Amino acid sequence: MELRHLRYFVAVAQELNFTKAAQRMCTVQPSLSQQIKDLEHEVGVQLLVRSNRKVELTEAGKSFLKEALLSLEHAEKAIDDARKIANLNKDQLNIGFVPVAEMKIFPYIMPNIRAHFPDIKINFHSLTDANQLKALKKGDIDIAFTRYVDESDELEHVQIFSEPLALIVPKDSPIADQRHISIKSFNHQDFVISDEDASPQLHKIITDFFKQSKLDVNVVQHSTNILLNVNLVGMGVGWSLVPAYVIPLLGDKIIVKNTIEPLPMIDLYASYRKEQKNELIELILKILKEQFYMGFF
């Protein structure tokens, strides 16, 4: 059974006239009649009662009509969605990202995208990890740069790099002149840490690190964005652990302290829908792979 059989049947069922249905479908009546006979043969029941004066639906035909209309509606939606996605891939690119991508990713991929796809419109969406992954599944964005991944079957991901966390403290801190400090110095210190809802992965890494290292710190403030961490440290509110990409953003009131023991690492991933991997996504992944192996990260 093909969609054309359903379309011909719906036309006859709605017009209840083979001549009018044939005109509506831009075909000739004998051909239309044959298509309906073929459909009834495949279904195995009579769908229409024909006479010289009128055409009527059988009870089976009435039931079949409802399902045929639904099937055609679903088929049209599938076609429309496919065309929308095709046009989206041709005309624009929607990128979801967390702040690190602005500094570490976009400077490398954007010139290449512009060079290879000069007419494409690029839309940037600054979203949390969770909101990016939701938007990616819905098709609202085409690629996501997140700190963790969604392991669902519809998504594919690659790890771009892993960066260490850095300890930042106020410039007038008592430890400012010490070349290296032990993480034991964290005990009983005031800390600003990232909010769990805003940055769940960073929050988890830091709190797990404190717990596993048996450190008793005073969390005096939860920050909803990484620049707030920096500003609060600069104001003397407390110490903070931040991803290393933040270091170039620090002002003269903040210093980075090296620790004797290693600090945790945090990853960055690129995710995309498996069925939507196209030339543009391939280009982005190729650039990231080349930059990674060349040591830019």
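None of these values were measured; they are calculated from a predicted model. Computation of the quantities below employed the complete heavy-atom set of this structure, encompassing side-chain atoms and omitting hydrogens, waters and symmetry-equivalent molecules.
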message = For E2 and D38: C-alpha separation, side-chain torsions, deciding distance, then whether side chain to side chain contact (heavy atoms under 4.5 Å, CB included) applies.
response = CA-CA 11 Å; E2 301 178 16; D38 291 343; over 6 Å; no
request  = Taking atom NE2 of H41 as the centre, report whether more than 12 heavy atoms of other residues, nucleotides or ligands fall under 6.0 Å from it.
outcome  = no
query = CD of E275: more than 12 outside heavy atoms within 6.0 angstrom?
reply =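 More than 12 within 6.0 Å, yes.
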For [X] against [Y], the heavy-atom pair lying closest together:
X: N123; Y: Q92; answer: ND2-OE1, 2.7 Å
X: M265; Y: S162; answer: CB-OG, 3.5 Å
X: D129; Y: V98; answer: OD1-CG1, 3.3 Å
X: L127; Y: A135; answer: CD1-CB, 4.5 Å
X: L285; Y: V158; answer: CD2-CG2, 3.7 Å
X: I36; Y: F9; answer: CD1-CA, 3.5 Å

Any side-chain heavy-atom pair from [X] and [Y] closer than 4.5 angstrom?
X: T259; Y: S182; answer: no
X: D140; Y: N94; answer: no
X: F209; Y: F186; answer: yes
X: W239; Y: V217; answer: no
X: I122; Y: R114; answer: yes
X: L268; Y: R147; answer: yes
X: L57; Y: L48; answer: yes
X: P243; Y: V100; answer: no

Would you compute the distance between atom [atom1] of [X] and atom [atom2] of [Y] and round it to the nearest 0.5 angstrom?
X: I266; Y: Y245; atom1: CD1; atom2: OH; answer: 9.0 Å
X: I95; Y: S126; atom1: CD1; atom2: OG; answer: 12.5 Å
X: I247; Y: I255; atom1: CD1; atom2: CD1; answer: 12.0 Å
X: S199; Y: N229; atom1: OG; atom2: CG; answer: 8.0 Å
X: Q132; Y: I143; atom1: CD; atom2: CD1; answer: 10.0 Å
X: N258; Y: R179; atom1: CG; atom2: CZ; answer: 8.5 Å

message = Quick one, D150 with S271, criterion side chain to side chain contact (heavy atoms under 4.5 Å, CB included). Give me CA distance, side-chain angles, the key distance, then yes/no.
response = CA-CA 8 Å; D150 185 314; S271 298; over 6 Å; no
Is there a path of hydrophobic side-chain contacts, each under 4.5 Å between heavy atoms of I/L/V/M/F/W/Y residues, joining [Y] to [X]?
X: L93; Y: F124; value: yes
X: L288; Y: L155; value: no
X: V219; Y: I183; value: yes
X: F161; Y: I284; value: yes
X: V230; Y: M235; value: no

Between [X] and [Y] (salt bridge meaning N to carboxylate O under 4.0 Å), is one present in this structure?
X: D142; Y: R273; value: yes
X: E290; Y: K286; value: yes
X: E59; Y: K62; value: yes

Determine yes or no for a side-chain-to-main-chain donor-acceptor pair under 3.5 angstrom, with [X] supplying the side chain and [Y] the backbone.
X: K274; Y: D153; value: yes
X: S213; Y: F210; value: no
X: K257; Y: A176; value: yes
X: T58; Y: Q46; value: yes
X: N187; Y: K184; value: yes

key: Test log, rule side chain to side chain contact (heavy atoms under 4.5 Å, CB included), inputs H5 and Q35   = CA-CA 6 Å; H5 290 114; Q35 296 291 339; 3.1 Å; yes
Cut-off 3.5 Å, no hydrogens considered: what does the side-chain donor-acceptor table look like for residues 188-198, sequence neighbours left out?
{"unit_1": "D190", "atom_1": "OD1", "unit_2": "N218", "atom_2": "ND2", "d": "3.4"}
{"unit_1": "D195", "atom_1": "OD2", "unit_2": "D197", "atom_2": "N", "d": "2.9"}
{"unit_1": "D195", "atom_1": "OD2", "unit_2": "A198", "atom_2": "N", "d": "3.1"}

request  = Apply side chain to side chain contact (heavy atoms under 4.5 Å, CB included) to the pair L65 and V10, showing each step before the final yes or no.
outcome  = CA-CA 7 Å; L65 176 61; V10 168; 4.0 Å; yes
ask   = Of F145, F106, Y269, which meets ring pair (Phe, Tyr, Trp, His ring centres under 6.0 Å) against F97?
value =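 For F97, the ring pair (Phe, Tyr, Trp, His ring centres under 6.0 Å) test succeeds with only one of F145, F106, Y269, which is F106.
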